[in-house]
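A short worksheet on the structure shown next.
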Amino acid sequence: MTARKPDPSAAAAIPGAQAAPDPASPALSPEQIEALFTRADGSYAFARWGRPIAPIVFGVEDATLTIVKGALEAVATLAGHQMAETDPQLGANLMFFFFREWDELLEVPDLGRMIPGLEPLVAKLTAADASQYRAFRFDDDGAIQAAFVFLRMKGAMAEVPAETLALTQAVQVLLMWGDRAFAETSPLAVLPESGATILRPEIAGVIAAAYDRMMPVAANDKSHALRLFARLQAPPPQG
């Protein structure tokens, strides 16, 4: 399992988000794409889901549950990836936890079995006053097999509209991004003409390219970023 560090980008996300990629996506350089999947130690690490995503959400009302699942479906559709009601091995393979204090996680039955070292992790996140945390589990091919998303709904995080928070988290869990991929810039943007908020076209393009059936489900070589770049330069299909 690979753990992700707390990421402040959701607190700076933009209200009213919707997933709507633009065919005329701004170009990203190979170096910019590489940075999206580079860890703090300088290593390159990419992974995408290798199976349909079967989500479950804890700690929210039914209305918010619908918003979260809707955001996941929107981004999965963009990627050409499938959603499912259940995973044949795991039941649910994507778990969202909404709460106010990190200590609440210690009361969740069996969570310690799924997240090794849960108690020291909770202590570390509490000390850091973290707002979110993600952890991934991988299959034998290196593809994402399961993911856990923890969201502490307090302070700035609690002020983010549900639609925006849901879309931001959907984007960040559909791929294993680098530690600082969205630390300074939200994956969302506002259209100046209408004021509508969308998934940034260049990020939508990277997600779609990453799920190209000819691309690997996992990669740890920086040449993978060049392959993503090449797909972003390809002309859109005719008709």
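Along the sequence shown, residues are numbered consecutively beginning with 1.
- Contact annotation: the side chain of V149 never approaches that of Q172 to less than 4.5 Å [non-hydrogen atoms, C-beta and beyond].
- Here the CD1 atom belonging to I53 is positioned 12.5 Å from the NZ atom belonging to K69, to the nearest 0.5 angstrom.
- At least one donor-acceptor pair under 3.5 Å links the side chain of T168 to the backbone N or O of T164.
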Under the criterion side chain to side chain contact (heavy atoms under 4.5 Å, CB included), I'd like the reasoning laid out for V68 against F98: C-alpha separation, chi angles, the key distance, then a yes or no.
CA-CA 11 Å; V68 173; F98 289 78; 4.2 Å; yes

For L72 and V173, what are the C-alpha separation, side-chain angles and deciding distance, and is it a side chain to side chain contact (heavy atoms under 4.5 Å, CB included)?
CA-CA 9 Å; L72 286 168; V173 81; 4.1 Å; yes

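- Of the possible polar contacts, one joining the T77 side chain to the E73 backbone as a donor-acceptor pair under 3.5 Å is found.
- R48 has its side chain out of reach of H81: every pair of non-hydrogen atoms, C-beta onward, lies at least 4.5 Å apart.
- Hydrophobic clustering of Ile, Leu, Val, Met, Phe, Trp and Tyr side chains at less than 4.5 Å, counting indirect connections, keeps L90 apart from F138.
- By the 4.5 Å heavy-atom criterion applied to side chains, I56 and F96 are not counted as neighbours.
- The side-chain heavy atoms of F148 and L94, taken from C-beta on, include no pair separated by under 4.5 Å.
- In this structure, a donor-acceptor pair under 3.5 Å is absent between the side chains of Q233 and R231.
- When all heavy atoms are compared, the tightest approach of L36 to L28 is CD1-CD1, 4.3 Å.
- In terms of hydrophobic clustering, with Ile, Leu, Val, Met, Phe, Trp and Tyr side chains grouped at heavy-atom distances under 4.5 Å, L226 and V206 are assigned to different clusters.
- For the 3.5 Å distance criterion, the side chains of R51 and Q82 fail to qualify, holding no donor opposite an acceptor.
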The test is side chain to side chain contact (heavy atoms under 4.5 Å, CB included); show your working for L188 and R200 and say whether it passes.
CA-CA 5 Å; L188 312 183; R200 281 167 47 204; 5.7 Å; no

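- Summarising the geometry of W102 relative to S131, their closest heavy-atom pair is CZ2-C, 4.1 Å, with the distance given to 0.1 Å.
- Contact between V171 and W177 at its shortest, heavy atoms only, is O-NE1, 2.9 Å.
- A donor-acceptor pair is defined here as one N or O able to donate and one able to accept, closer than 3.5 Å; no such pair exists between the side chain of D141 and the backbone of A143.
- P55 and A84 get closest at one heavy-atom pair: CD-O, 3.9 Å.
- When all heavy atoms of S43 and D41 are compared, the pair lying nearest together is OG-OD1, 2.7 Å.
- By the criterion of side-chain heavy atoms lying less than 4.5 angstrom apart, applied directly or through intervening Ile, Leu, Val, Met, Phe, Trp or Tyr residues, W49 is not grouped with V217; the two fall into different hydrophobic clusters.
- Between the CD1 atom in I115 and the CE atom in M95 there is a gap of 9.0 Å [rounded to 0.5 Å].
- Of the possible polar contacts, one joining the E104 side chain to the R100 backbone as a donor-acceptor pair under 3.5 Å is found.
- Looking at heavy atoms from C-beta onward, T126 lies out of side-chain contact with E101 at the 4.5 angstrom threshold.
- With a 4.5 Å cut-off on side-chain heavy atoms, F182 and I203 count as touching.
- Side-chain atoms of D110 never come within 3.5 Å of backbone atoms of R113 as a donor-acceptor pair (strictly under, hydrogens ignored).
- In the model, E202 has no side-chain atom that pairs as donor or acceptor with a side-chain atom of Q32 under 3.5 Å.
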Report the C-alpha distance between F150 and L111 in whole Å, list the side-chain angles of each, state the deciding distance to 0.1 Å, and finish with yes or no for side chain to side chain contact (heavy atoms under 4.5 Å, CB included).
CA-CA 12 Å; F150 303 101; L111 186 59; 4.1 Å; yes

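- Taken together through direct or relayed side-chain contacts under 4.5 Å among Ile, Leu, Val, Met, Phe, Trp and Tyr, F58 and I67 form parts of separate hydrophobic clusters.
- Between atom OH of residue Y44 and atom CD1 of residue I33 there is a gap of 8.0 Å, rounded to the nearest 0.5 Å.
- Partner E34 forms a salt bridge (Lys or Arg N to Asp or Glu O under 4.0 Å) with one of R227, K222, R39 and no other, that one being K222.
- Ring planes of H224 and F37: perpendicular class, angle over 60° (limits at 30 and 60°).
- Atom CG of D212 and atom CG of L228 lie 9.0 Å apart (nearest 0.5 Å).
- Not a single donor-acceptor pair under 3.5 Å links the side chain of D139 to the backbone N or O of Q145.
- Taking 4.5 Å as the limit, every side-chain heavy atom of M157 sits out of range of all side-chain heavy atoms of R152.
- Judged by distance alone, the side chain of R137 and the main-chain N or O of M114 form a donor-acceptor pair under 3.5 Å.
- F97 has its side chain within reach of V108: a pair of non-hydrogen atoms, C-beta onward, lies under 4.5 Å apart.
- Formation of a donor-acceptor pair under 3.5 Å by the N93 side chain with backbone atoms of A54 is found in this model.
- In terms of heavy atoms, G142 sits closest to A47 at O-CB, 3.5 Å.
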